[in-house]
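Shown next, in structure tokens, is the structure this report addresses.
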Amino acid sequence: MSDLSEKTPKTPQTPQTPEPSDLPKLLVVTGETASGKTALGVELAKRLDGEVICADSATVRRGVDIGTAKPTAEERQEVPHHLLDVVEPCGDFTAAVFKRLANQAIDDISARGKLPIMVGGTGLYIDGVIYDFDFMPAGDRQAREELNRLNPSQLLDRIKRLRLDASGVDVRNKRRLIRLIETKGQKPTRQPLRGNTLLMGLKTPREEIEQRMIKRLDDMLEAGLEDEVRALADRYDWDCEALKGIGYAQWKDYFQGDQSLPETRSKIIRATFEYAKRQRTWFKRNKSIHWFHTPVNVEEVVDYATTFLNGQVPS
RNA sequence: GCAGGGUUAGUGAAGCGGUCAAACACGUCAGACUGUAAAUCUGAUGGCAUAUGCCUUCGUAGGUUCGAAUCCUACACCCUGCA
């Protein structure tokens, strides 16, 4: 279990559910990787007197800066950023912990009269907050490792023996099976979209976004990505969370001499494309997101957000 | 010029007379997703219908056969050895 989750209360800050209209106003900016979320978030924060909450499973981690396209020191100086660097490189972190921390940040920011703006591409993290996911109990570390040694059919046997209901669960996905055992079959719940929340997404034509991803990777390489990864690899094992991300894991064979630099680069590019595809699939089904096409007209976004902040429903 | 090896779907690569629209890998496309989510998993991938269906493919053109990606002949291109 992560020490983080021990320090934070298991229940939300506000025990009694407030009326939707009492919730602090929240802006959400999402989109696939390299779509320009970070820049837009900073811009909005400046215009609307806000602060940014990063909803990203990679940038929560210390030690990974270049490869995660973490907001720069300048950006962080211009606008306060929350939930960056909150875990050690190899520490545990989950969507449930994120949800708690994000809600704290939202309350904190709005209590100081500022506007919270959640920016990120980790769909599960965002949804956990805005749909108030009721995360099931965490699994025990050791028990999980033991379960992980079983194969899917062994896990299914155990599920049957425990008389757990496996309906609706992807029985070919080991993690889902393990999770089913850990939660003893409890079904998760979700609430309707959080009140006072405005969802905005950035959309870029495929060709263009892929070019941006490649360009961004080349910038990262120039900025010393290889050294950053090597430093981590020297200190930690390859199964350290920090080294499992895109732009990190792909260096393993290279450092062991089995892979050229161009091969490493194209592996990272491919992994990035695959990730973007998963993001697109995730966001596609959320009909509440209002999409802006890039290059975004910041005025247009500010107008849209302002309408919402004035208590009206933007169209 | 002579001798030998090769030419298979987007790529690499199996298949060497019927059970082949053709293994497998990669790539590509689509999807799922509630305490690992930059994770994990699934499906499709010649065309058209999309349930058991039909049509066009295995360098090109002919031939043998009830039947060919698989055998024969010629041609084209590529690689290797001898000239």
Side-chain angles (χ1 to χ4, degrees), chain A residues 1-6 8 10 30 32-34 37 54-61 64-70 87 89-102 120-141 143-145 147-148 151-152 155 168-191 206 210 213 216-217 220 225 229 239-251 263 266-286:
Chain A
M1 202 62 258
S2 154
D3 47 351
L4 254 172
S5 52
E6 300 308 338
T8 47
K10 292 262 187 239
T30 192
E32 58 196 299
T33 188
K37 301 183 291 289
C54 296
D56 186 309
S57 66
T59 59
V60 292
R61 215 167 278 286
V64 285
D65 299 328
I66 298 172
T68 60
K70 207 174 268 180
V87 216
C90 310
D92 282 343
F93 195 81
T94 67
V97 175
F98 176 83
K99 178 190 168 188
R100 251 180 330 257
L101 297 179
T122 303
L124 178 66
Y125 283 17
I126 293 173
D127 285 2
V129 173
I130 66 177
Y131 293 105
D132 193 20
F133 278 7
D134 164 33
F135 290 102
M136 294 293 114
D140 176 72
R141 241 269 177 75
R144 178 175 284 187
E145 274 173 29
L147 290 173
N148 204 33
N151 65 40
L155 287 166
V169 174
D170 181 357
V171 295
R172 286 168 298 196
N173 191 334
K174 257 177 88 169
R175 290 207 181 167
R176 299 274 139 72
L177 295 176
I178 291 173
R179 212 41 212 137
L180 180 67
I181 294 172
E182 287 176 349
T183 61
K184 301 187 175 66
Q186 289 180 75
K187 298 290 181 201
T189 62
R190 68 149 62 194
Q191 302 302 317
R206 185 70 82 82
E210 292 187 346
M213 292 175 202
R216 191 174 69 168
L217 172 58
M220 289 174 179
L225 178 59
V229 184
D239 60 1
C240 165
E241 288 299 324
L243 286 166
K244 287 199 206 160
I246 294 168
Y248 295 85
Q250 292 78 16
W251 291 90
E263 278 169 333
S266 67
K267 266 196 182 180
I268 295 173
I269 291 171
R270 228 172 297 126
T272 308
F273 287 4
E274 283 164 10
Y275 170 50
K277 159 61 187 152
R278 273 175 270 136
Q279 289 180 303
R280 262 180 267 128
T281 304
W282 182 283
F283 299 136
K284 198 182 285 179
R285 66 177 176 181
N286 188 332

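Proteins get letters first, then strands, A, B, ... in listed order; numbering begins at 1 in each.
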Next on the checklist: By the 4.0 Å heavy-atom rule, please label A:Thr68 as base, sugar-phosphate, or nothing.
Outcome noted: base
Next on the checklist: Rounded to whole Å, please give me the gap between CG in A:Leu177 and C1' in B:U36.
Outcome noted: 15 Å
Checklist entry - Can you tell me if the side-chain N/O atoms of A:Arg144 get under 4.0 Å from OP1 or OP2 in B:U36? => result yes
Checklist entry - Is A:Thr281 near enough to B:G31 that one of its side-chain N or O atoms lies under 4.0 angstrom from OP1 or OP2? => result yes
Checklist entry - If you measure from the Lys or Arg side-chain nitrogens to the Asp or Glu carboxylate oxygens, is any gap between A:Glu182 and A:Arg179 under 4.0 Å? => result yes
Next on the checklist: Is it true that A:Thr272 and A:Arg216 share a donor-acceptor pair across their side chains at a distance under 3.5 Å?
Outcome noted: no
Item to check | Shortest side-chain distance from A:Pro188, nucleotide among B:U40, B:U34, B:G35 | outcome: B:U34
Checklist entry - Taking for each residue the nucleotide of RNA chain B bearing the nearest heavy atom, is the 5' side occupied by A:Tyr248 or by A:Glu182? => result A:Glu182
Next on the checklist: Without decimals, in angstroms, what is the distance between A:Glu274 CD and B:G31 P?
Outcome noted: 15 Å
Checklist entry - NA contact type, A:Lys174, heavy-atom cut-off 4.0 Å: base, sugar-phosphate, or nothing? => result nothing
Checklist entry - Can you check whether A:Asp127 reaches A:Trp282 side chain to side chain, under 4.5 Å on heavy atoms? => result yes
Next on the checklist: Taking 4.0 Å as the cut-off, does a side-chain nitrogen or oxygen of A:Lys277 come that near to OP1 or OP2 on B:U28?
Outcome noted: no
Checklist entry - Which part of the nucleic acid does A:Gly247 contact within heavy-atom distance under 4.0 Å: base, sugar-phosphate only, or nothing? => result nothing
Checklist entry - In whole Å, what is the span from the NZ atom of A:Lys99 to the P atom of B:A37? => result 16 Å
Checklist entry - Given atom CG of A:Leu155 and atom C1' of B:U40, what is their separation to the nearest angstrom? => result 14 Å
Checklist entry - Which whole-number value in Å describes the distance from A:Arg176 CZ to B:A37 P? => result 12 Å
Checklist entry - Whom does B:U40 pair with, Watson-Crick or G-U wobble, provided both distances fall under 3.5 Å? => result B:A32
Checklist entry - Any donor-acceptor pair under 3.5 Å linking the side chain of A:Thr30 with the backbone of A:Gly120? => result yes
Item to check | Distance, rounded to the nearest Å, where A:Lys187 contributes NZ and B:U34 contributes P | outcome: 10 Å
Item to check | Value in whole Å for how far the P atom of B:G35 lies from CZ of A:Phe135 | outcome: 6 Å
Checklist entry - Base, sugar-phosphate, or nothing: which does A:Tyr125 touch, judged by heavy atoms less than 4.0 Å apart? => result sugar-phosphate
Next on the checklist: My understanding is that a pair needs two contacts under 3.5 Å, Watson-Crick or G-U wobble. By that rule, which nucleotide pairs with B:U60?
Outcome noted: B:A74
Checklist entry - To the side chain of A:Arg172, which of B:G27, B:G43, B:U36 is closest? => result B:G43
Checklist entry - Looking for any heavy atom pair under 4.0 Å, which part of the strands does A:Asp134 touch: base, sugar-phosphate only, or nothing? => result base
Checklist entry - Can you find a side chain N or O atom of A:Arg206 that sits less than 4.0 Å from OP1 or OP2 on B:C29? => result yes
Next on the checklist: Counting the atoms with a prime plus P, OP1 and OP2 as sugar-phosphate, which does A:Lys267 contact under 4.0 Å by heavy atoms, base, sugar-phosphate, or nothing?
Outcome noted: nothing
Item to check | Short side-chain N/O contact to B:C41 OP1/OP2 from A:Arg175, under 4.0 Å | outcome: no
Next on the checklist: Let's test this: given Watson-Crick or G-U wobble pairing with both distances under 3.5 Å, identify the partner of B:C66.
Outcome noted: B:G18
Checklist entry - With both distances under 3.5 Å as the test, what is the Watson-Crick or G-U wobble partner of B:C24? => result B:G12
Checklist entry - Whole Å only: how far is the CD atom of A:Glu32 from the C1' atom of B:A37? => result 17 Å
Checklist entry - Is any side-chain nitrogen or oxygen of A:Tyr131 closer than 4.0 Å to OP1 or OP2 of B:U34? => result no
Next on the checklist: Base, sugar-phosphate or nothing for A:Thr33? Non-hydrogen atoms, less than 4.0 Å.
Outcome noted: nothing
Checklist entry - Mapping A:Gln279 and A:Phe273 onto RNA chain B by nearest heavy atom, which one lands closer to the 5' end? => result A:Phe273
Checklist entry - Does A:Lys37 use its side chain to pair, donor to acceptor, with the backbone of A:Glu32 at less than 3.5 Å? => result yes
Next on the checklist: Under 3.5 Å for both donor-acceptor distances, Watson-Crick or wobble: does B:A51 have a partner, and if so which one?
Outcome noted: none
Checklist entry - Base, sugar-phosphate alone, or nothing: which one does A:Arg270 contact when heavy atoms must sit under 4.0 Å apart? => result sugar-phosphate
Checklist entry - Do A:Asp170 and B:U42 share a donor-acceptor pair, side chain to base, under 3.5 Å? => result no
